Each structure stands twice: as C-alpha cells, then as structure tokens.
Amino acid sequence: MGWIGDQIESIRSIQVRQLLTQAISLGMIVTSALIIWKGLMCVTGSESPVVVVLSGSMEPGFKRGDILFLHMSKDPIRAGEIVVFNIDGREIPIVHRVIKVHERQETGEVDVLTKGDNNYGDDRLLYAQGQLWLQRHHIMGRAVGFLPYVGWVTIIMTEKPIIKYLLIGALGLLVITSKE
C-alpha cells in the first residue's frame, strides 16, 4: 500500500479524543507564539520587533536574508543609526541608515532623511509623493542586533508559495498522524 496509504489509514483510525488533544496542543503552540510576539512588542516598544532584510540596499552591513532585532526608545534619532520605517501607502518596511536629522525649531520635532548604504542617492524618491523627510510616526524601530541569513526561510516562502503550502501541509499531516 505504501507510505501514503499507511498515512491515510492512520488518519482514519484516529480517535476523537486523540484528535481533540492534538487540536488543543496545536492551539497552545499558536497561542504561545502570539503571546511571545506581543510580549516582544511591549518590551521593545516596536510594532514589529523582528524584521527580515529583503533587498541588498544595506550591503555590506546587512545582507538580504538577515534578521534584524528592533527597539524603539524615546531617545532622539541620530544620524548614522539604522532604522526600519514604513512609507504611507506601502506595506513592506524599509531598512536604511539615517543620513540627516532636521529639528524644527518651533515644535522641537525631529525629521530624518535616510539612505541605503548600497544606494547612490537618498530615499526621497521612495517616500510618498511630496514628502521630503520621515517623521517619528514613520519609524518602526532602530536596529539593535541581527542574525545573518536566518531570514532566507521567510524570503523563500514568500517568493515561492508552493514551498510554504507544502511545509504547512507536511506539518499538518505530522500533527494529525502523531500517536502521542
């Protein structure tokens, strides 16, 4: 009958109690992951405490596939810091270095200009139309650490969705057919 036939037969023979136990275990894993993520959000002050570098614009410092750890403090942003920011109308955050800081004398608010280390010009072409500076609300956090290459898993699953679906299917099958 083969491996697939054995797996199908195994699924048919699962007891209701065993199925409920496995569903609860899976739910606890998902809930634990969400709690950890929300806890990291509270500790770091960032809406996204971990991001993946998606392009080569920050090479050689950060390469595509590196994971960055973010922290957002009340300290003023300084030139030279690496920040992750969102642009109005775009979903994907950008990781670039602050090259200029402009403080408005009348309000004390700080605006920043960014640039990718591997890019020729500043990021004004990336900003929303008519926008010359980033304000504090655009910035998700400052890079405080990184893990090289670990983010490739995310990039591969985003660029090749079939791999994501195969992985999810295999994990689901593993959960359903486990005997413990």
Side-chain angles (χ1 to χ4, degrees), residues 2-8 10-11 14 19 22-72 81-99 114-128 134 138-180:
W3 183 80
I4 294 175
D6 291 341
Q7 296 303 320
I8 292 172
S10 174
I11 292 170
I14 291 178
L19 186 62
Q22 290 171 340
I24 290 171
S25 295
L26 181 62
M28 290 175 65
I29 291 169
V30 170
T31 303
S32 297
L34 289 173
I35 289 170
I36 290 169
W37 184 259
K38 289 294 185 181
L40 282 172
M41 286 174 64
C42 291
V43 169
T44 64
S46 175
E47 65 188 70
S48 182
V50 179
V51 295
V52 176
V53 178
L54 298 175
S55 75
S57 67
M58 284 302 291
E59 289 183 1
F62 298 118
K63 294 179 177 28
R64 188 169 190 241
D66 290 352
I67 288 185
L68 297 182
F69 300 101
L70 306 182
H71 186 267
M72 191 64 187
E81 288 185 312
I82 296 171
V83 295
V84 177
F85 58 92
N86 276 324
I87 300 293
D88 296 330
R90 289 181 133 180
E91 291 182 26
I92 299 174
I94 299 171
V95 179
H96 281 174
R97 188 178 304 275
V98 175
I99 58 170
T114 57
K115 175 188 174 294
D117 290 352
N118 202 21
N119 294 350
Y120 291 111
D122 62 39
D123 289 342
R124 286 188 171 143
L125 293 175
L126 295 175
Y127 299 164
L134 292 175
H138 292 110
I139 297 174
M140 296 170 56
R142 298 175 169 110
V144 294
F146 78 105
L147 267 174
Y149 308 114
V150 178
W152 270 105
V153 174
T154 302
I155 292 172
I156 290 170
M157 286 196 295
T158 302
E159 290 179 355
K160 300 191 182 336
I162 189 71
I163 293 174
K164 175 173 40 178
Y165 299 129
L166 287 172
L167 184 63
I168 291 171
L171 289 173
L173 190 61
L174 184 68
V175 167
I176 289 173
T177 60
S178 90
K179 300 288 185 193
E180 295 178 14

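What you see is a predicted model; the values in this text were computed from it and never measured. Residue indices begin at 1 and follow the sequence shown. Just the heavy atoms: all of them, side chains too, but no hydrogens, waters or symmetry mates, feed the values below.
- When each of Thr154, Val150, Val153 is tested with Val52 by the rule side-chain contact (heavy atoms from CB on, under 4.5 Å), just one qualifies, namely Thr154.
- A pairwise comparison of heavy atoms in Phe146 and Leu68 identifies CB-CD2, 3.5 Å as the closest pair.
- A donor-acceptor contact shorter than 3.5 Å is absent between the side chain of Ser46 and the backbone of Met72.
- Atoms OG1 and CZ, from Thr44 and Arg142 in turn, are 12.5 Å apart once rounded to the nearest 0.5 Å.
- Taking CG of Leu167 as the reference point, atom CG of Leu171 lies at 4.5 Å (rounded to 0.5 Å).
- With hydrogens and angles disregarded, no donor-acceptor distance shorter than 3.5 Å links the side chain of Trp37 to the backbone of Ser48.
- Taking all atoms of both residues into account, the shortest heavy-atom contact from Lys115 to Gly121 is CG-O, 3.3 Å.
- Looking at every heavy atom in both residues, Pro49 comes nearest to Leu40 through CG-CB, 3.6 Å.
- Between the side chain of Asp66 and the backbone N or O of Val53, no donor-acceptor pair lies under 3.5 Å.
- In this structure, the separation between CZ on Arg97 and CG on Asp117 is 4.0 Å, given to the nearest 0.5 Å.
- Annotation for Lys63 and Tyr149: closest pair CD-OH, 3.9 Å, computed over non-hydrogen atoms.
- One distance of note links CD1 of Ile168 with CE of Met157; it measures 7.5 Å at 0.5 Å rounding.
- Residues Val95 and Ser57 approach most closely at O-OG, 4.2 Å, considering heavy atoms.
- Interatomic distance, Leu26 CG to Thr31 OG1, rounded to the nearest 0.5 Å: 9.0 Å.
- At a threshold of 4.5 Å between non-hydrogen side-chain atoms, the residues Ile155 and Leu54 count as touching.
- Annotation for Leu126 and Ile87: closest pair O-CG2, 3.7 Å, computed over non-hydrogen atoms.
- Taken from CD in Glu81 to NE2 in His96, the straight-line distance is 16.0 Å, to the nearest 0.5 Å.
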